[in-house]
2 protein chains.
Amino acid sequence: MSEPRWLTPDQSEVWAKYRRVRRELQRAQDQQLQRDSGLSAADYALLAPLSESPDGVLRARELGAEVGWERSRLSHQISRMEKRGLVTREACADDARGSMVRLTEKGREAIEAAAPAHAENVQQLVFDPLTPDEVRIFGDVLDRILGAVERNSR
Amino acid sequence: MSEPRWLTPDQSEVWAKYRRVRRELQRAQDQQLQRDSGLSAADYALLAPLSESPDGVLRARELGAEVGWERSRLSHQISRMEKRGLVTREACADDARGSMVRLTEKGREAIEAAAPAHAENVQQLVFDPLTPDEVRIFGDVLDRILGAVERNSR
DNA sequence: ACCAGGTTGTTGACATGTCACCGACTTCAC
DNA sequence: GTGAAGTCGGTGACATGTCAACAACCTGGT
């Protein structure tokens, strides 16, 4: 093996800043959601695609693909949300292995109550501090990194 | 209350991309670390500042400040790493409330074995796909967001 | 029809993170 | 000095995430 490619000081700084934003932004959003609506970020992540689908029903597989979660994590989270009355499980007509997840009335009320404050929070923390040019380049940067990560995992 | 400030389609796309990068990049790094060195990302996060400090010792408070963790999370993680022989706890001479965390020989070997591959991974996934200009602007963007988050939590 | 191999969702064990609280100690105003 | 208030680290209960294994089912070639 050749000499390791250590990070330069500039790179280290950017990398540390990225990890800090990841941590602090996540924390800020968890707290805002919990405080204003009693929902966790995980709850919100599942409720959002459900509320946008016709009849508030999605096959578990589709829901998992929407949020990019593994099946196990999804199943556990659905169980917890089912216990709190936010969603229900139903059999899948097409495929007897499958399972459908349905938004309850309570679940719909919860997401609709939470959405405006959540959107305002994202605006304030992410988009208000950026110029339109920066938003565009930020999107490009994310695309490039995502491409590298996907190439990496294949 | 006035009309909620919903995200525009462009904003939604950038925001979804950010969450995806957060998730996939984290997953890629967890797996690389675990596979190549048997360390978790949490292990690495604590071992790195410890290995850079003189004698491999830091007061728990300092270590917590370095990584930006709460005291409870830090304490639990140190307990787990102590059990695996990566660090030890010692009394703090200056302040009887305090507790010092010391890297063991095994801990130092682990971080030194893990560091080169981890650096290479960050280079490949984050910096290789970006131009120097993009890296600079990415840093600015992170600064702006961090500023907004900090203003928000005070 | 059959069955080998892939898919789907669930479960239990375990690792990790959060929260509320405590006990010991330090700091500071008086 | 002394007491109130703050700081520090740790703990237990619980929420969340990961992993390996499983049962049930679908799909394709034969």
Side-chain angles (χ1 to χ4, degrees), chain A residues 19 22-24 26-35 38-47 57-84 86-102 153, chain B residues 19 22-24 26-35 38-47 57-84 86-102 153:
Chain A
R19 284 174 302 165
R22 182 175 64 191
R23 174 166 33 87
E24 298 295 328
Q26 181 77 72
R27 200 183 45 72
Q29 303 219 290
D30 285 353
Q31 288 186 352
Q32 181 271 321
L33 270 175
Q34 190 66 55
R35 178 169 41 79
L39 294 177
S40 69
D43 296 334
Y44 193 92
L46 295 196
L47 292 178
V57 188
L58 277 177
R59 183 161 173 185
R61 184 182 48 174
E62 303 300 334
L63 183 53
E66 286 285 334
V67 297
W69 290 7
E70 315 162 26
R71 285 169 297 168
S72 166
R73 179 179 177 189
L74 183 64
S75 179
H76 282 303
Q77 181 66 29
I78 291 173
S79 297
R80 289 187 291 259
M81 292 171 70
E82 200 176 16
K83 218 171 288 179
R84 289 188 290 141
L86 297 171
V87 299
T88 57
R89 278 191 241 243
E90 299 175 5
C92 176
D94 312 355
D95 184 338
R97 293 168 304 180
S99 140
M100 308 295 290
V101 185
R102 180 183 297 276
S153 39
Chain B
R19 285 175 300 164
R22 183 175 63 191
R23 176 166 32 87
E24 297 295 328
Q26 180 78 71
R27 200 181 45 70
Q29 301 219 292
D30 284 354
Q31 288 186 353
Q32 181 270 321
L33 270 175
Q34 189 67 54
R35 177 167 42 77
L39 295 177
S40 69
D43 296 334
Y44 193 92
L46 295 196
L47 291 178
V57 188
L58 276 177
R59 182 161 174 184
R61 184 181 47 174
E62 303 301 331
L63 183 52
E66 286 284 335
V67 296
W69 289 7
E70 316 161 27
R71 286 170 297 170
S72 167
R73 179 178 176 190
L74 183 64
S75 179
H76 281 305
Q77 181 66 30
I78 291 174
S79 297
R80 289 187 291 259
M81 292 172 70
E82 201 175 16
K83 217 172 289 177
R84 289 188 289 140
L86 297 172
V87 299
T88 57
R89 277 192 241 244
E90 299 175 5
C92 177
D94 312 354
D95 184 339
R97 293 169 302 182
S99 140
M100 308 296 289
V101 185
R102 179 184 298 276
S153 40

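Rounding to the nearest 0.5 Å gives a distance of 11.5 Å between CD of A/Glu66 and CG of A/Leu74. Atom CZ of residue A/Arg89 and atom OG of residue A/Ser79 lie 3.5 Å apart, to the nearest 0.5 angstrom. Annotation: the span from B/His76 atom NE2 to B/Met81 atom CE amounts to 15.0 Å, rounded to 0.5 Å. A distance of 9.5 Å separates CG of A/Leu63 from CG of A/Leu47, quoted to the nearest 0.5 Å. Between atom CD of residue A/Gln26 and atom CG of residue A/Asp30 there is a gap of 4.5 Å, rounded to the nearest 0.5 Å.
To the nearest angstrom, P of C/dT11 lies 13 Å from CZ of A/Arg80. One atom, CG of A/Leu39, and another, C1' of D/dT16, lie 15 Å apart when rounded to the nearest Å. Going from atom CD of B/Glu70 over to atom C1' of C/dA20 covers 12 Å, rounded to whole Å. Spacing between atom CH2 of A/Trp69 and atom C1' of C/dT8 amounts to 18 Å, rounded to whole angstrom units. A straight line from CZ of A/Arg23 to C1' of C/dG17 spans 14 Å, rounded to a whole angstrom. Whole-Å rounding puts the B/Leu46 CG to C/dG17 C1' distance at 13 Å. Rounded to a whole Å, the CG atom of A/Leu63 is 13 Å from the C1' atom of C/dG9. In this structure, A/Asp43 places its CG atom 6 Å from P of D/dT16, rounding to the nearest Å.
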In the 5'-to-3' direction, what one-character label does each nucleotide of nucleotides 7-14 of chain D receive under the scheme B = base within less than 4.0 Å of a protein heavy atom, S = sugar-phosphate only, - = no such atom?
BBBBBBB-

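Between the A/Asp43 side chain and the A/Ser40 main chain, a donor and an acceptor come within less than 3.5 Å of each other. Proximity of a side-chain donor or acceptor of A/Arg23 to a complementary backbone N or O of B/Val67 within less than 3.5 Å is detected.
Mapping B/Ala96 and B/Gln77 onto DNA chain C by nearest heavy atom places B/Gln77 closer to the 5' end of the strand.
Helix-axis bend for the helix from C/dA1-D/dT30 to C/dC30-D/dG1: the local axis fitted to the five terminal pairs at one end deviates from that at the other end by 30°, rounded to 10°.
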What's the verdict on side-chain contact (heavy atoms from CB on, under 4.5 Å) for B/Leu39 and B/Leu86, showing C-alpha distance, side-chain angles and the deciding distance?
CA-CA 10 Å; B/Leu39 295 177; B/Leu86 297 172; 4.2 Å; yes

Any chance you could lay out the side-chain contact (heavy atoms from CB on, under 4.5 Å) test for A/Gln77 and A/Trp69, step after step, and finish with the verdict?
CA-CA 10 Å; A/Gln77 181 66 29; A/Trp69 290 7; 3.8 Å; yes

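Only at 4.0 angstrom or more do the heavy atoms of residues 27-34 of chain A sit from any atom of DNA chain D, so none qualifies.
Taking 4.0 Å as the cut-off between side-chain N and carboxylate O, A/Asp95 and A/Arg59 count as a salt-bridged pair.
Proximity of A/Glu24 to A/Arg27: side-chain heavy atoms (C-beta onward) are separated by under 4.5 Å at one or more points.
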